[in-house]
Amino acid sequence: MAESNSASTIPKKCGPYISSVTSHGMNLVIRGIVLFFIGVFLALVLNLLQIQRNVTLFPPDVITSIFSSAWWVPPCCGTASAVIGLLYPCMDRHLGEPHKFKREWSSVMRCVAVFVGINHASAKVDFANNIQLSLTLAALSIGLWWTFDRSRSGFGLGIGIAFLATLVSQFLVYNGVYQYTSPDFLYVRSWLPCIFFAGGITVGNIGRQLAMYECKVIAEKSHQD
Amino acid sequence: MTLTEKLRETISRAFYNHGLLCASYPIPIILFTGLCILACCYPLLKLPLPGTGPVEYSTPVKDYSPPSSEQGPQQGDPNERPDWYLGAPVAYIQQILVKATVSPWRKNFLAVDVFRSPLSRVFQLVEEIRNHALRDSSGIRSLEEVCLQVTDLLPSLKKLRDLLPEHGCLLLSPGNFWQNDREHFNSDPDIIKTIHQHEPKTLQTSATLKDLLFGVPGKYSGVNLYNRKRVVSYTVTLALQRYDSRFLTSLRSRLKLLHPSPNCTLREEHVVHVHFKEEIGIAELIPLVTTYIILFAYIYFSTRKIDMVKSKWGLALAAVVTVLSSLLMSVGLCTLFGLTPTLNGGEIFPYLVVVIGLENVLVLTKSVVSTPVDLEVKLRIAQGLSNESWSIMKNMATELGIILIGYFTLVPAIQEFCLFAVVGLVSDFFLQMFFFTTVLSIDIRRMELADLNKRLPAEACMPSAKPMSRSQRYERQPAMRPATPHTITLQPSSFRNLRLPKRLRVIYFFARTRLAQRLIMAGTVIWIGILVYTDPAGLRTYLTSQVTEQSPLGEAGLPPMPVPGGFLSAGDTKLALSVFPSESVQRSENQTQQQREQKEALEADQQLWAQGLERHGGGQPEPGSKAEVTWGVEDEEIWRKLSFRHWPSLFSYYNITLAKRYISILPAIPVTLYLDPQEALEVRHPQEANRYHSFFPSSLGKLEALDQPREALPKLQGHQDITLYKVAALGLASGILLVLLLFCLYRVFCPKTYGQSGLSHSRRKRGDLPCDDYGYSPPETEIVPLVLRGHLMDIECLASDGMLLVSCCLVGQIRVWDAQTGDCLTVIPKQGLRRDSSGIFDYQESWDQSPDPQNGPEDSFDGSHPLKRMLSPLLPPLFYNQPDLTSLIDTNFSDQAKGVGPEPRHRAACGRHRDTGYDFSRLVKKVYEEQSTSNCMNFAGFPAPPGQAAFCAGLSCGAGEGGCSARRKSLGDEPFAGFDKSSPVSAWSGDLESSVWSLDLQGNLIVAGRSNGNLEVWDAIEGSLRCSNKEGQSGITALVFLSTRIVAARLNGSLDFFSLETHASCNPLQFRGTPSRSSVPSSPMCSSSDLIMCQLTHTVSCAHQKPITALKAAAGRLVTGSQDHTLKTMGLASGGQDGAICLWDVLTGSRVSHMYAHRGDVTSLTCTTSCVISSGLDDVISIWDPSSGIKLYSIQQAGVGLGGLGVAGAPGPGACVWGAPIAGGSLLPDGGCPGQPARAPSSAFPSQLGLCREHLCGGEAGAEGPCEQHGLWGTWAALGAVQK
């Protein structure tokens, strides 16, 4: 797994003494940074997908407009993903039930792909009405959970995240801080919780995978000692 | 049995049978699947290729009416009518094509006069169009009512705000450059600059503003200083919202009336509808690219898990092919059954792949690989399949279920996706079962074969490999076959990275990944791609023209492709020349002349101007030619020559997308303008006259010069195809030449034997090989080990000093080999000795009948061998030179003594013959004698696998007693001279009842420790016993031979120290009066004539509580490892010249240190001056400081027992630890020095590896530091030698 992630190789490179001293804190920080960037990246890409639906044709400076309009959205998503990604393995540890289901990077990649696909579907596919959209997305999200997670804690946390995030975004919108690009407000509200749920599961998956790597490093070290 | 179990069993059995089928007939099945894939993909040919080019459809302009927006019953042939032709178009484009010229042309006109006055007329024309109104019965209809009203430009296009119309009719003309203001135009000193000010400086990808406003491609407009024809053409482009035929007709007729075009032959019959596909912008591209990146990451991580196969890449490729072709099959099948894909294939493709997944393939591979290796390939495949059958079926059912649920969402797009996914899943299953399984079976078979080839010389095992091989005679079933012999995994060692400076690590990282080369390569490829793309005569133009002419309903008279020659007149001559330097290649020889002329003209030579002027003046009549504006086919539908992004980009400025919509282009209205010279002079700008006056002659000269190539143009066009072919052929030839050259270079610089070097080669080359110890390893080479054959039984121990290799097998036979050549130098005991003893039953298959009668002692024949008759297969001549071993086998069954006690390492299949054994000798004596006189070939005809058969025979022999003990008998029939303890007389005991447990070698002396406690010193070259010591009773488990001292560790845990004393005299008591053979190079210590005395100098009675298993000496210290889990280091400092050894005493503390080393037995031990390295049964390698006894490092080996250790290289900090794990065979560098891990062959005798390694590498690698692989492989060679 070492080559999968540039950041996760760092603890390995520094010697056993350094890594033993700083291992836990460093690992946490590194994982947080990795998750943050993953979150930012996903937010940007998915934002683009959503914009596509509503704007017919793009002016050449669409990228700059994305960055200028609500610059704080990607960092927020990044932070959220870092928190969620760290929360999942932490919760696993505290509940004492380590997550064993499909712990490999290919599965994580598959999960991310499905998540992007759900976003894609919500952005590109024309649904008859919002209820249909909601139901479809909900089914897809739960399918995602079933395929890649299957842990009760993950489900619960996902639900919680979805609820919280929806609440926060509604709050922001009501206060006029943020505006949806879509004129149809209900439309957005119908898919938002599902997307948040799926996103939580996905990021949790990534976070668990990263955390598993840390566990491995620590285990190796204990062997060496 | 529940239904599930029944189902499970059925599925499992079906899969098993299927696996058998696939593995049995791989080639037909692969062919069959290939045919299936092709058949299923056949319908795909009908699908249009994906592309973003616009599609055209034309309808007659007569009684045209916009199509209805519903797809009703269509009039006319529905096939002709494309499905996008629904509803009104976004806009109707009406172009008024203006061709203007100044006529008659006067010689004193400036170049700028060619277009200034024609352009000035555009304002008037635009006014006319703008003010045109149709007056009829229904009232007055003006342009404003029918035209396309546009609003704001996009905010980002502020700089174009003055140039493009806003809030009004979309009416474009060149006049827009001057805000449709004649005054602006008149006061503009430099028209060209104004026109070109918005031209992009860089890559032109889409329509430029000049193209937009002129409505014709730049080079057709004629607005440049080198316009030879002096005809300027431009269009007034009008976008109409509604189609009002009467209005348009009136406009057309009015314009024609005002500006008649008498010789215009433009057809005005068809409205062309152009449908634009969805364009992929960067905003859409990013998510798409992201999904593809995720897809590739998924594939990468999935295929990375494929392991333990012959070709990882091959299997990964097969997996990807499986998934991709299943998708293709699914699309093809869906198309076949009438479902046309409407989704964007590129977008949903990654999701389809992810949904279908590579998991099954991986699971299959893993399952097959994890089946027992020694099974047949067929059975392995079948077992692997059936093991995973249930989970595969379950997964598939689940996925199908999920997808079917998706199908009931009733969203058309999702339904379509699900349909594709279902068909894809099923076809993927089919392909997995047939294609991938078969490929896997082929791979496994290849792996087995390769494995066999690699192992055959070493072990010569596995009868299935070469059934008729002669080496079969010595074959046996591998008793201890490692479970995973194929891949030798390197355990990650964190120590390796420790001592490296960062910069070195970076450098080695670069070197390892060849980052720089790859980057440069990628950069070059991209650069070439950009060059090709931007080449004005190259790909882009070609593509553009192709795309523009893509319409299947395109008119017959398609304009010819622009030829490179035309570029010279197109303004930017410099660009054309610089980017397209090979232009001269494309021209035939007679044209290059003109080309040169043309270039000269371009150089603006003063003389040429004058000449041109003269020629011009002479050639042309004074009043100037009456220029004629001609309308030809090339003017028809001039918009086709525009970029296919022309219209989309125009509309996108107003935020109107043409994606998935269409526009209708009405036939252009031709307008011809003739301007008289007076007018041209009037509009001339004063500055212009000054500026261009000097330039004028030159431009004229250029024009004249340019005339010639233009006239040669038709010919050029004719040649165009041929030259293209020529260039292609030339390029191909040069490419082939280049490849050949590179190949030759490769052959020259790289030796032919690269990668297949044998032992000797590797040894010679070892100094030259680029091998560093920092992680950069040279490509591994496979080295065929040198096989040393001759031992008949398991190798008990072996020793080497680099030149010689001494091995001893269970029989007690010691062989001395030349480590370099592999020749057997000496066999101890010697052949000539007459023995009849030792009834050793196992491995009767290896009974050898010597062709040499004198080597075959008579007494061995008196006991005849029924087994020999039964079991011996064809006697290979190859082994005729092998020693006669019949002497070692006691055939005198009737005269059997009781066997001695069982020996710990004895093989299970040895049977002790019962006392009342049948006297075979009498029974088969006759038969045997007959055979012995006849040819050995008589034994042919027993094709039974000898190894097994013999084994069985051995078992049957021992079955009577049921005991599994070795029966050894010492007859001691040789009348040896009297020997006493530590006698200098080489008392040949002739005793085989004790086996050799330990060996060491120095110079030409071999020290052998026997199980009965005897210590024997042999001459390696002559094979004679030099001396013997029989003081000890307990078996010698380990031996160290240092210059004149011998340390022997005994089974009871005691240590004995011996010293060798040499008497340089010919002792009369010398054994058998061996004559001194001076030719034999002897060790510095003693020559063969010397008498050697072996004396026990000291004994440490209880060095360890348990048997000492390992004993090493270095730097004056002796380290012992024992089964009591401890390591002890003893001082070995020599005292006086007599070689007395310092007393080792636990009580007085001369025991230097005592280390509790391992939780398990100490199995192996090695030491250098700087460190002691031990390994134990607890899978830990520990490295100690010998003086202090502090553990420096320990290395945990996951799960594999370390069999042997060796320290290679120079003593001191450059030492390496190499471990030979029993299962894997990976070698670890230790923490003391960064070492390069190398591969050790996993062998049946890993415990000997380290020992042998140490000697070989230590002796030969010398100060080179860590041993590289060749040393190791050399070791292997030596090892293979004694493994038969």
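Note that the structure is predicted; figures quoted are calculated from it, not measured. Each chain gets a letter, A, B and so on, in the order its sequence line appears, and its residues count up from 1.
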Report which part of B/V355 has an atom under 4.5 Å of a heavy atom belonging to chain A: side chain, backbone, both, or neither. backbone
Drop me the distance from A/L140's CG to B/I405's CD1, to the nearest 0.5 angstrom. 10.5 Å
Could you measure the distance from the CD1 atom of B/I414 to the CD atom of A/Q132? Nearest 0.5 Å is fine. 8.0 Å
What part of A/A139 gets closer than 4.5 Å to chain B, counting heavy atoms only: side chain, backbone, both or neither? neither
Does any heavy atom of chain A fall under 4.5 Å from the side chain of B/T291, the backbone, both, or neither of them? side chain
Quick check: do A/F41 and B/T290 have side-chain heavy atoms less than 4.5 Å from each other? yes
Heavy-atom count check: over 12 atoms from other residues, nucleotides or ligands less than 6.0 Å from B/L404 CG? yes
Does B/K312 have more than 12 heavy atoms from other residues, nucleotides or ligands lying within 6.0 Å of its NZ? yes
How long is the gap from CD1 on B/I402 to CD1 on A/I142, to the nearest 0.5 Å? 12.0 Å
How about A/S106 and B/R304: do any of their side-chain heavy atoms sit closer than 4.5 Å? no
Report yes or no: does A/R110 contribute a side-chain atom to a donor-acceptor pair with the main-chain N or O of B/L295 at less than 3.5 Å? no
So which of A/V116, A/V114, A/V112 actually passes side-chain contact (heavy atoms from CB on, under 4.5 Å) with B/V354? A/V114
